[in-house]
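What follows is a set of notes on a single structure, which appears directly below.
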2 protein chains.
Amino acid sequence: MAAPKRLTQHDIAKLAGVSQATVSLVLNGAPTALARIPQETRERVQQVIRTTGYVADPIARRMAKGLNRILGVFTYEPAFPSAQADFFTPFLLGIEEEAQIQNYDLLLLTGAGVGQDRKIFADGNRLRIADGCLVLGREFDRAELTRLVSGDYPFVAIGRREDAGGPVPYVGGDYANGTRALVEKAGALGHSKLAYIGPPGPAESTADRWSGFDGALGNGLELVLHIETVGRAADEILDALFGSGATVAFFVELADAVRVEAAARACGLSIPGDFSAVVLGSHIRAERSHVQFTAFDIPREEMGRQATAMLVRRIESGEPGQQILLTCEPVEGETLGPAKRRT
Amino acid sequence: MAAPKRLTQHDIAKLAGVSQATVSLVLNGAPTALARIPQETRERVQQVIRTTGYVADPIARRMAKGLNRILGVFTYEPAFPSAQADFFTPFLLGIEEEAQIQNYDLLLLTGAGVGQDRKIFADGNRLRIADGCLVLGREFDRAELTRLVSGDYPFVAIGRREDAGGPVPYVGGDYANGTRALVEKAGALGHSKLAYIGPPGPAESTADRWSGFDGALGNGLELVLHIETVGRAADEILDALFGSGATVAFFVELADAVRVEAAARACGLSIPGDFSAVVLGSHIRAERSHVQFTAFDIPREEMGRQATAMLVRRIESGEPGQQILLTCEPVEGETLGPAKRRT
DNA sequence: ATTAGCTGCTAATACGCATTAGCAGTCAAG
DNA sequence: CTTGACTGCTAATGCGTATTAGCAGCTAAT
């Protein structure tokens with residue numbers, strides 16, 4: 001059989017014995033126009049719509065009116081593949097929740113290139129199918145961001161973004177202050193020689209952690225070791241740590257912290273007995289590791305929610321788009337203790 | 001700021017001194033048509049396009065072509081909330097992958113009601129926005145399924161479904177044979193008195209497990225205990241297990257198995273030393289538990305992929321829709337051992 | 001000299017919907 | 001009995017593109 005033809009308003013109209021225009025009016029006419037269609041007719045049309053399951057074609061709708069209550073979600077990495085799933089899922093949860101409240105559907109922009117090479121503006125940008133879009137990913141393509149900013153298509157980024165030919169609307173986590181608070185906490189516990197395991201940039205997320213860290217130094221707090229590469233062998237890190245005399249290590253990556261902790265335990269060292277460890281961010285599935293690291297919380301769901309809400313405001317009221325940083329509350333954890341005098 | 005009007009082919013046409021149709025042809029005319037436009041004209045048009053940065057409006061493009069390359073994904077429970085996330089994610093991974101290959105976007109049907117009360121045909125449902133849709137969920141609404149089957153809207157279910165006024169197109173896992181294989185394996189290891197912890201229905205997924213189990217009985221294999229409710233206290237289950245003389249327990253729910261295993265260990269019992277345990281299905285994050293249960297694998301990603309591919313075929317070639325069951329390979333695990341003679 | 005075929009285009013239409021102008025009928029007021 | 005207001009609808013148009021039919025002008029063959 002050939003592809004079943006889509007129902008159109010015309011079909012509905014014929015079934016209800018009215019004109020296509022009337023069907024459209026019943027569906028979404030202005031109150032003034034609706035007032036002129038008697039209850040009886042309206043119900044007849046509604047009835048046909050209900051029994052047929054007709055829904056307006058979003059494409060045509062968008063053509064005619066420019067809006068279709070669809071939000072695009074563009075991810076710079078495939079959204080679900082396991083490695084990424086853990087990363088995107090909490091955001092999507094928040095996004096879905098808010099979208100539902102606002103009565104928008106979500107369109108996952110998936111086809112825009114394969115694998116790593118995802119480009120928003122790939123094939124003549126199917127982006128515009130949606131009324132606006134959310135952009136997420138660890139690292140953005142700067143050129144595309146610039147193009148987005150300069151265009152008139154509403155979007156909101158999740159995660160803070162540096163200006164790109166203009167301010168980028170975003171909802172991010174305040175990693176800088178989250179980090180600062182943890183550094184100060186360490187200071188209050190008597191730590192003065194600190195280690196930082198993680199790059200100082202260039203992605204905004206890492207840059208912010210570093211700037212928060214760096215800004216909290218002084219006042220007797222001193223950076224004695226900085227390992228910029230992630231994924232170094234745990235032993236190496238451990239050795240460097242002790243060689244430097246640091247009493248507390250700040251990790252950008254949970255994975256590094258986990259490996260170092262394991263290595264330390266293997267050497268008979270205890271955390272925070274022998275040294276303290278702090279993770280700069282909350283990580284999904286952290287509960288899987290045995291240790292509850294001292295860290296700060298990243299309100300991912302809330303970021304998703306607020307970004308969605310902002311996007312809807314941009315779409316519906318043409319609001320200019322703001323930059324919001326959500327507080328990252330500290331997570332107590334059990335790996336930050338008083339500084340230990342090393343002999 | 002007012003939205004700067006988008007460039008159209010009409011504008012390009014005027015600038016190049018040709019008609020709109022010519023512009024369209026230059027952009028994507030069939031070779032036969034293109035052959036009739038001289039190089040010179042083509043270049044003039046291209047030039048204008050390049051200097052203006054014109055890009056065809058994808059919406060209008062889809063409108064004209066009649067397909068919108070969108071696949072709907074309907075979930076009977078919200079897709080991301082943490083509890084469900086683990087359940088849906090692997091399917092979505094496969095779906096996303098295949099959709100990307102086929103160059104379709106995914107529309108998450110989110111607005112279709114809140115919380116538990118999701119209905120495909122809910123009022124104002126926007127299912128038909130998509131060219132076709134995938135339906136997933138633990139349990140389906142039978143009435144809705146019937147309606148879907150009788151309609152001409154292309155869809156594919158994930159997970160086997162009983163006929164609903166006609167055969168339901170699906171891609172599922174062959175739980176019955178997966179279960180049967182495990183039962184036979186237990187038999188080969190000398191087990192003869194079996195326990196089954198889980199309901200015999202009504203959902204297809206549980207019914208299939210039960211029927212596979214039930215069908216493998218006989219030949220010296222005997223069901224000596226059947227606990228139909230899930231979530232019973234672990235102690236109770238353990239007591240019943242020993243009271244019945246069963247040497248191996250088949251669990252529908254991993255959670256039950258985990259709890260019973262913990263309770264057993266607390267009593268100083270070992271698995272599979274003192275009794276064996278088998279889980280009927282693979283469960284995401286199983287690795288979190290300490291024990292690797294003997295089970296069968298559910299190829300969730302592959303199910304997602306194949307369902308998506310089938311749906312695309314239905315949409316594009318009007319194919320009738322099949323019923324596919326994917327093999328569920330056994331997972332060795334460490335909880336199924338030789339039957340122990342109980343004293 | 002008619003026809004046939006080619007070249008280089010364009011006009012016209014369809015896609016499905018939203019929206020506006022306006023038509024035919026009724027009814028009340030003047 | 002005319003005017004005006006109101007009711008209940010519909011015809012017509014536009015959105016930006018793809019596509020098909022076909023026109024005008026020319027050449028070459030019959």
Side-chain angles (χ1 to χ4, degrees), chain A residues 3-46 49 52-70 123-129 131, chain B residues 3-45 49 52 54-70 124 126 128-131:
Chain A
K5 237 186 67 71
R6 238 188 129 81
L7 273 176
T8 70
Q9 287 190 344
H10 212 90
D11 302 325
I12 305 299
K14 271 191 295 192
L15 289 173
V18 295
S19 72
Q20 176 264 323
T22 304
V23 175
S24 179
L25 287 177
V26 167
L27 278 174
N28 42 23
T32 62
L34 267 181
R36 304 185 51 180
I37 298 176
Q39 189 64 17
E40 200 199 337
T41 305
R42 267 186 280 175
E43 270 171 13
R44 193 151 30 91
V45 174
Q46 301 273 24
I49 289 176
T52 54
Y54 165 83
V55 183
D57 180 337
I59 298 291
R61 201 184 188 118
R62 172 131 181 118
M63 259 253 65
K65 155 158 120 164
L67 287 184
N68 55 19
R69 296 202 87 80
I70 290 178
D123 79 54
N125 83 54
R126 310 173 315 126
L127 210 54
R128 295 191 107 90
I129 292 167
D131 295 337
Chain B
K5 232 185 72 69
R6 242 187 113 79
L7 275 176
T8 72
Q9 289 190 345
H10 214 91
D11 303 325
I12 305 299
K14 271 191 296 190
L15 288 173
V18 294
S19 73
Q20 176 265 323
T22 304
V23 176
S24 178
L25 287 178
V26 168
L27 279 174
N28 42 21
T32 62
L34 266 182
R36 304 185 51 178
I37 298 176
Q39 188 65 17
E40 199 199 337
T41 306
R42 266 187 279 173
E43 270 172 12
R44 194 152 29 93
V45 174
I49 289 176
T52 54
Y54 165 83
V55 183
D57 181 349
I59 296 296
R61 207 181 185 123
R62 287 189 184 190
M63 170 106 191
K65 287 233 241 241
L67 265 191
N68 46 30
R69 300 201 85 81
I70 293 178
R126 322 211 309 141
R128 291 190 123 86
I129 285 175
D131 296 331

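Within every chain, numbering begins at 1; the chains are lettered A, B, ... in the order of the sequence lines, protein sequences first and strands thereafter. Just so we're clear, the structure is a prediction, and the values are computed from it rather than from any experiment.
Regarding contacts with the backbone of D:dG8, every side-chain N or O of A:T41 stays at 4.0 angstrom or more from both OP1 and OP2. For A:T22, a side-chain nitrogen or oxygen approaches OP1 or OP2 of D:dT10 to under 4.0 Å. Residue A:Q9 places at least one side-chain N or O closer than 4.0 Å to OP1 or OP2 of C:dA18. One finds no side-chain N or O of B:R62 lying less than 4.0 angstrom from the OP1 or OP2 phosphate oxygen of C:dC15. Phosphate proximity of C:dC9 to B:S19: absent, as no side-chain N or O sits under 4.0 Å from OP1 or OP2. Within the structure, every side-chain polar atom (N or O) of B:T8 is placed at least 4.0 Å from both OP1 and OP2 of D:dG16. For C:dC17, the OP1/OP2 oxygens have a side-chain nitrogen or oxygen of A:Y54 closer than 4.0 Å.
Remark on DNA chain C: of its neighbouring residues B:K65 and A:K65, the 5'-side contact belongs to B:K65, judged by nearest-heavy-atom nucleotide. Between A:G29 and B:M63, the residue anchored closer to the 5' end of DNA chain C is B:M63, taking for each the nucleotide with the nearest heavy atom. In terms of position along DNA chain D, the nucleotide closest to A:G17 lies nearer the 5' end than the nucleotide closest to the other residue of the pair B:L27 and A:G17.
Residues from residues 30-38 of chain A lying near DNA chain D, meaning a heavy-atom separation below 4.0 Å, are A:R36, A:P38 in numerical order.
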Atom pairs and distances, donor-acceptor, side-chain atoms in residues 22-37 of chain A, under 3.5 Å, two or more places apart:
from  : atom 1 : to    : atom 2 : distance (Å)
A:T22 : OG1    : A:S19 : OG     : 3.1

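Atom CG of A:L7 sits about 8.0 Å away from atom CG of A:L15, to the nearest 0.5 Å. With rounding to the nearest 0.5 Å, the separation of CD1 in B:I59 from CD1 in A:I59 is 4.0 Å.
We find that CZ of A:R61 is positioned 9 Å from P of C:dC17, with the value rounded to whole Å. Rounded to whole Å, atom P of C:dG8 lies 12 Å from atom CZ of B:R44. Protein atom CG of A:L7 is 9 Å distant from nucleotide atom P of C:dC17, rounded to whole Å. Atoms CZ (A:R69) and P (C:dA18) sit 13 Å apart, rounded to a whole Å. Between A:N28 atom CG and C:dT19 atom P there is a gap of 7 Å when expressed in whole angstrom units. Going from atom CD of A:Q20 over to atom P of D:dG14 covers 15 Å, rounded to whole Å. As a whole-Å value, the separation of B:L25 CG from C:dC9 C1' is 9 Å. Nucleotide D:dG8 holds its P atom 12 Å from the CD atom of A:Q39, rounded to whole Å.
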Show the distances under 3.5 angstrom between N or O atoms of the protein and N or O atoms of nucleotides 25-28 of chain D.
none

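Contact annotation for A:V18: backbone-only contact, meaning every heavy-atom pair under 4.0 Å involves sugar-phosphate atoms and none involves a base.
Listed by chain and number, the residues in a side chain to side chain contact (heavy atoms under 4.5 Å, CB included) with A:A16 are A:V18, A:V45, A:V48 (sequence neighbours excluded). Here A:Q39 pairs with A:R42, A:E43 under the side chain to side chain contact (heavy atoms under 4.5 Å, CB included) rule; sequence neighbours left out. B:A64 meets the side chain to side chain contact (heavy atoms under 4.5 Å, CB included) test with no other residue; sequence neighbours excluded.
An end-to-end axis angle of 80° holds for the helix from C:dA1-D:dT30 to C:dG30-D:dC1, taken from five base pairs per end and rounded to 10°.
In this structure, A:A13 and A:Q20 approach most closely via the heavy-atom pair CB-N, 3.5 Å. When all heavy atoms of B:R61 and B:A56 are compared, the pair lying nearest together is NH1-CB, 3.3 Å. Considering every non-hydrogen atom in both B:M63 and A:A60, the closest pair reads SD-CA, 3.6 Å. A pairwise comparison of heavy atoms in B:I12 and B:Y54 identifies CD1-CB, 3.6 Å as the closest pair.
For A:A64, whose side chain is taken as the heavy atoms from C-beta onward, the closest listed nucleotide among D:dT10, D:dA18, C:dG16 is C:dG16.
Under the 4.0 Å criterion applied to side-chain N and carboxylate O atoms, A:R62 and A:D57 are not assigned as salt-bridge partners.
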